[in-house]
Amino acid sequence: MTFMGFVLALCAVASGIGVIGFRNPLYSAFSLVANLMTMAGLYALLDAHFLAVSQIVVYAGAIMVLVLFVLMLLNLKVEGGPKLGVVRATIALGAGVLILMTAVQPIFRHFEGMSAINLRENAARTVGDVASIGEQLFGRYLVQFELSSLVLLIGIVGAVMLAKRKSATLAPRDGYQGAKEV
Amino acid sequence: MASMVGYLGLSLLLFVIGAIGVCIRRNAIVVFMCIEMMLNAVNLSFVTFSKLNGNLDGQIAVFFVMVIAAAEAAVGLAIILAVFRSVASVETSDAAELKW
């Protein structure tokens, strides 16, 4: 990892801890924005240029604006109730360590068989710019790409249905005939 | 090789932070944000493996994860709004009943 990558990784971990650490959900949200930005930087370092830009546009732009909008709409106060108990904190930390333990071993075993030269050649060949990603998306993955647009459409319709107020149902309201009486 | 292990380690660390956040936070929106962070951690390892294996399939997978995450954000926040209307709270423990 280069120096730049190291700095970005530190920022990512710090802002990640900020997301779960702040009591005020608004601070958590801004922390997550910082986290997503650093992730975009890491993608750029890994030569995934298209993903770096779409990360900023889709995640840090669209999704986080939606989250912040809902946070402002609900006008939430700082998380109340009792502070995090020792038991719950221990369980959470234990679960985290367990995940770490189960994941670390396979990661390191995966690379034992690969030679360093092979890996370097692979790394030099993989550049995710717009042209190569587009070639894949509209070639091998065309069906999935089109289906994903369907998923988005269903998502939008579902969100509108769920967020609609009860009073706005399709049945005409009580005082509707008023139009004729005038 | 060593640098790639660094990226994978970072991905793992962020995933674990997100998982801990899902466990300990009570605000549904913060839980939701922690899930987004876990998705991002997995995306980072997708990109790293794509680089290691020398093809773009991993990056395509990340693209689709982003699409699904966008749909999930819209639906998930709408559900949180609907829950807020009926129980006037976004604390996960307040929405513990299946019927109200």
Side-chain angles (χ1 to χ4, degrees), chain A residues 1 5 9 12-13 16-17 19-20 25 28-29 32 35-36 39 42-43 46-48 51 54 58 62-63 66-67 70-71 74 76 79 81 84 88-89 91-93 95-96 99-100 103-104 107 111 116 119 122-123 125-126 128 132-133 136-137 141 144 148 151-152 155-156 158-159 162-163, chain B residues 1-10 12-21 23-27 29-30 32-34 36-37 40 43-44 47-48 50-57 59-60 62-64 66-75 77-82 84-85 90-91:
Chain A
M1 203 180 275
V13 172
I17 290 172
V19 173
I20 67 171
S28 291
L32 185 58
N35 191 5
L36 298 175
M39 294 296 265
L42 287 168
Y43 291 163
L46 284 166
D47 287 334
L51 288 180
S54 54
V58 174
I63 294 182
L66 203 62
V67 169
V70 170
L71 273 176
L74 299 185
L76 294 175
E79 194 166 292
L84 179 64
R88 267 159 60 110
I91 291 172
L93 215 65
I99 296 172
L100 265 175
V104 164
I107 282 182
F111 298 111
L119 288 176
N122 279 349
R125 205 169 56 209
T126 316
S132 47
I133 291 277
Q136 295 277 317
L137 266 186
Y141 293 92
Q144 290 91 326
S148 71
V151 167
L152 279 176
I156 294 168
L162 281 168
Chain B
M1 158 77 200
S3 63
M4 294 305 162
V5 171
Y7 284 112
L8 290 177
L10 173 66
L12 189 59
L13 204 58
L14 283 174
F15 188 88
V16 170
I17 290 172
I20 290 175
C23 292
I24 67 172
R25 292 306 298 261
R26 283 186 298 268
N27 187 323
I29 299 177
V30 179
F32 177 84
M33 290 195 285
C34 288
E36 295 285 338
M37 200 160 73
N40 258 283
N43 281 353
L44 183 61
V47 175
T48 311
S50 151
K51 199 141 181 69
L52 283 173
N53 288 322
N55 59 35
L56 287 173
D57 291 349
Q59 298 193 13
I60 303 289
V62 172
F63 177 80
F64 285 121
M66 279 182 186
V67 171
I68 298 300
E72 175 232 339
V75 175
L77 289 170
I79 289 174
I80 289 174
L81 265 181
F84 182 80
R85 287 218 185 93
V90 292
E91 305 260 311

Just give me the residue among [options] that pairs up with chain B most often, heavy atom to heavy atom, under 4.5 Å.
options                      : value
A:D47, A:V58, A:I156, A:L93  : A:D47
A:A95, A:G158, A:G16         : A:G16
A:A62, A:G155, A:A163, A:A12 : A:A163
A:L51, A:V19, A:V151         : A:L51

Inter-residue atom distance [X].[atom1] - [Y].[atom2], 0.5 Å rounding:
X      : Y      : atom1 : atom2 : answer
A:L32  : B:M37  : CG    : CE    : 7.0 Å
B:I60  : A:L137 : CD1   : CG    : 4.0 Å
A:I63  : B:E72  : CD1   : CD    : 7.5 Å
A:L71  : B:I29  : CG    : CD1   : 4.5 Å
A:L46  : B:Y7   : CG    : OH    : 4.5 Å
A:Y141 : B:F64  : OH    : CZ    : 8.0 Å

Region of [X] in contact with chain A, defined by heavy-atom distances below 4.5 Å:
X     : result
B:A70 : both
B:F63 : both
B:N40 : both

Margin query: Out of B:I68, B:V75, B:L44, return the one with the most heavy atom pairs under 4.5 angstrom to chain A.
Written below: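 Answer, by heavy-atom pair count under 4.5 Å with chain A: B:L44.
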Check whether any side-chain heavy atom of [X] sits under 4.5 Å from a side-chain heavy atom of [Y], and report yes or no.
X      : Y     : value
B:R25  : A:S28 : yes
A:L162 : B:L81 : no
B:V90  : A:V70 : no
A:N35  : B:L14 : yes

Next item on the list: Applying side chain to side chain contact (heavy atoms under 4.5 Å, CB included), run through B:F32 and A:V67 and close with a yes or a no.
Entry: CA-CA 9 Å; B:F32 177 84; A:V67 169; 3.8 Å; yes
Minimal non-hydrogen separation, [X] against [Y], with atom names:
X      : Y     : answer
B:C34  : A:I20 : SG-CG2, 3.5 Å
B:V30  : A:P25 : CG2-CB, 3.9 Å
A:S132 : B:L56 : CB-CD1, 3.5 Å
A:S54  : B:M66 : OG-SD, 3.8 Å

Margin query: Could you work out, with side chain to side chain contact (heavy atoms under 4.5 Å, CB included) as the rule, every residue matching A:I91, not counting sequence neighbours?
Written below: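 A:I91: side chain to side chain contact (heavy atoms under 4.5 Å, CB included) contacts with A:V87.
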